[in-house]
Amino acid sequence: MEQAAPIRSIAIIGGGTAGWMCAAAITKSFGSKIAVTLVESDEIGTIGVGEATVPHLSAFNRLLGIDEAEFVRETQGSFKLGIQFNDWGRIGDSYIHGFGTIGRDLGLMPFHQYWLKARAAGKARDIGAYSLNTLAAPQDRFMASPVDAPPNSPLADIAYAYHFDAGLYARYLRGRAERQGARRVEGKVVSVAQNGETGFVDHVTLESGEKVAADLFLDCTGFRALLIGQALGVGFEDWTQWLPCDRAVAVPCEKVGPPTPYTRSTARKAGWQWRIPLQHRTGNGHVYSSGFISDDEASAILLENLDGRPLADPRTLRFTTGVRDKLWHRNVVAIGLAGGFIEPLESTAIYLIQAGINRLMALFPDAGFAQPLQDAYNEQSRFEYERIRDFIILHYHATERDDSPFWDHVRTMEIPASLQAYIDLFRANGQFFRNGTEMFGLTSWVQVMIGQGIVPRAHHPAVEWVADSDALAFVDHIGKVIEANVGLMPAHDAFLQRCCAAPAMAK
Ligand code: FAD
């Protein structure tokens, strides 16, 4: 056996959400076996957005041993059952991409196949009426699954994510990581030294002259990509041709009512606006394409569409959608914005950080840095980014909107062949084939396809194996069960107050 020396030290460069998630997870998993140093610069600061998540985050929290109530309280958080999309397929349209399942599978067939049959017979409600999350969200109802829920009840497995204050989240993770042994160094990295022979990063030097050396470096420097991009010169594949939004303007505002248990995304003339409800305020932002609208107009649209008084000046952020050619090169792994960016329409960036950490743990190298580990990491990451990219493009492309040059562009543009194949398959008879480990599964694709107006021409032939009256009765029954169970759920705010009311914040 050729067992090389183990990795003894990791330097995480950057202390945003990515840096502190890495530090918290690695110190928790590896304990004192590996020395973890995190370098961050107060002068540069963090991006300060990133406040809506997907349900996978609860698995990350479990890995860290995080108590949910404490976590929600400390981050002024709220619960999220899904995302409401307004004005996407057509102005006036509204649908919800709810987490969790739709209805209940019967035999080999997923529920939506029976729903298609019932719909064709004029006997079905909107697909959302058969999803606990989608029905509960606009009614402002929420609960976590009670431990004593009967296993076949829709309440037994309620899928949810969180909204939280990005600044408080990084602070919360920092506290945990430092208690678990991470060393924090404040300072700005001014140079990156590489080994003359291998090209591996040897150390970084801070403005103060301090040097930080390590076996493995995690580039968490955000859009700067200081190590992977600037030092190692790894290229970036730009996806702007499919996702033309390249800026966002963000502003928090006063909340005017209890936080809703869902994120809202409203399509605008050259992009879309988010609304993220927290306990102490509401987060808002307008993501747009600078090729179709000016910064001033984008800002004005945002400010005209706030629930309450703005609590700060609007802040403009620039970005390019795409991914690094390699996320792991030599002894540098890029995690977070340094590795790539897909706009936050489905709140996937924090998930991609989590997935990067999990993948790194699974493919963790020794000091030999075997190339197959890097290749596997890069291939899997690439796959994951591309599948999420396609899912986001779907929202823009599958639209009837023709009210602005932006919508004309995205509606008529050529899309990746991989996405076209998914759309064609679904249109044929409602089928969806999950490709390997891709993040969004059947219920997500089905809800967004239908929500954006892609309705299959037929259903799966196996649905015909069930007698017509039985299939229709089944769909009807599921709708009634979902409705009755939503009726048992408390108000989201009542649940928050009982479980995890956050302290009042100074204004
Ligand atoms: P940053 O927060 O930018 O952190 C970079 C760190 O590197 C900072 O600590 C900085 O000080 C440090 N640094 C940089 N250069 C140096 C240097 N020279 N020396 C020392 N330190 C340095 N994600 C979601 O999951 N949900 C969302 O709702 C969501 N909304 C978003 C909205 C917008 C408009 C944008 C742009 C992103 C959004 N994201 C969202 C993405 C999310 O914000 C990021 O994935 C997340 O915050 C991680 O950022 P980061 O840690 O990679 O980078």
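One-based numbering, in listed order, for ligands and for the atoms of each.
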Just need the protein heavy atom nearest to [atom], so name the residue and atom and give the distance.
atom                    : answer
atom 41 (C) of ligand 1 : A349 CB, 3.3 Å
atom 46 (C) of ligand 1 : T17 CB, 3.8 Å
atom 32 (C) of ligand 1 : P344 CG, 3.4 Å
atom 52 (O) of ligand 1 : L337 N, 2.9 Å
atom 12 (C) of ligand 1 : G14 CA, 3.6 Å
atom 39 (N) of ligand 1 : G50 CA, 3.8 Å
atom 43 (O) of ligand 1 : V49 O, 2.8 Å
atom 25 (O) of ligand 1 : I350 N, 2.8 Å

query = Got a second to check how far D390's CG is from F440's CZ, nearest 0.5 Å?
reply =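 Nearest 0.5 Å value for the CG-CZ distance: 12.0 Å.
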key: Between SG on residue C22 and CD1 on residue I13, distance to nearest 0.5 Å   =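 Spacing of SG (C22) from CD1 (I13) equals 11.5 Å.
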Under 3.5 Å: N/O of [X] near N/O of ligand 1:
X    : value
I44  : no
L226 : no
F341 : no
I276 : no
I47  : yes

Between the side chains of [Y] and [X], is the shortest nitrogen-to-carboxylate-oxygen separation below 4.0 Å, so that they form an ion pair?
X    : Y    : value
E438 : R434 : no
R281 : D165 : yes
E304 : R268 : no
D42  : R184 : yes

Below 4.0 Å from ligand 1: does a non-hydrogen atom of [X] turn up there or not?
X    : value
S347 : yes
G187 : yes
C220 : yes
I353 : yes

message = Quick test of your reading of the structure: of S41, G222, G15, G45, whose heavy atom lies closest to atom 10 (C) of ligand 1?
response =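 That would be G45.
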Distance under 4.0 Å to a non-hydrogen atom of [X]: what atoms of ligand 1 satisfy this?
X    : value
G336 : 52 (O)
E51  : 27 (C), 28 (O)
A248 : 34 (C)
R224 : 14 (C), 15 (N)
A18  : 48 (C), 50 (P), 51 (O), 52 (O)

message = Between L327 and R359, is there a side-chain heavy-atom distance shorter than 4.5 Å?
response =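 No; the side chains remain at least 4.5 Å from each other.
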ask   = Got I393 and M413 here, is their nearest side-chain heavy-atom distance under 4.5 Å?
value =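 Yes, their side chains come closer than 4.5 Å.
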request  = Verify whether one side chain among Q354 and H56 offers a donor that lies under 3.5 Å from an acceptor in the other.
outcome  =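 No, no side-chain donor-acceptor contact under 3.5 Å.
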task = Would you check, one step at a time, whether the test ring pair (Phe, Tyr, Trp, His ring centres under 6.0 Å) holds for Y172 with F164?
result = CA-CA 11 Å; Y172 179 75; F164 50 62; 9.5 Å; no
ask   = How about Y288 and W272: are their ring centroids closer than 6.0 Å?
value =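 Distance test on ring centres: not under 6.0 Å, no.
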request  = State yes or no: are the ring centers of F391 and W445 separated by less than 6.0 Å?
outcome  =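 Distance test on ring centres: under 6.0 Å, yes.
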inquiry  = Ring of Y422, cation from R387 - is the NZ or CZ under 6.0 Å from the centre and inside 45° of the axis?
reply    =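 Yes, R387 and Y422 form such a contact.
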Heavy atom under 4.0 Å from ligand 1: found in [X]'s side chain, backbone, both, or neither?
X    : answer
Y351 : neither
A52  : both
E343 : neither

task = Verify the neighbour count for atom CZ of R411: are there more than 12 heavy atoms of other residues, nucleotides or ligands below 6.0 Å?
result =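 Atom CZ in R411 is crowded, with more than 12 foreign heavy atoms closer than 6.0 Å.
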inquiry  = Applying the side chain to side chain contact (heavy atoms under 4.5 Å, CB included) criterion to V204, which one of L226, V185, V192 satisfies it?
reply    =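 By the side chain to side chain contact (heavy atoms under 4.5 Å, CB included) criterion, V204 pairs with just one of L226, V185, V192: V192.
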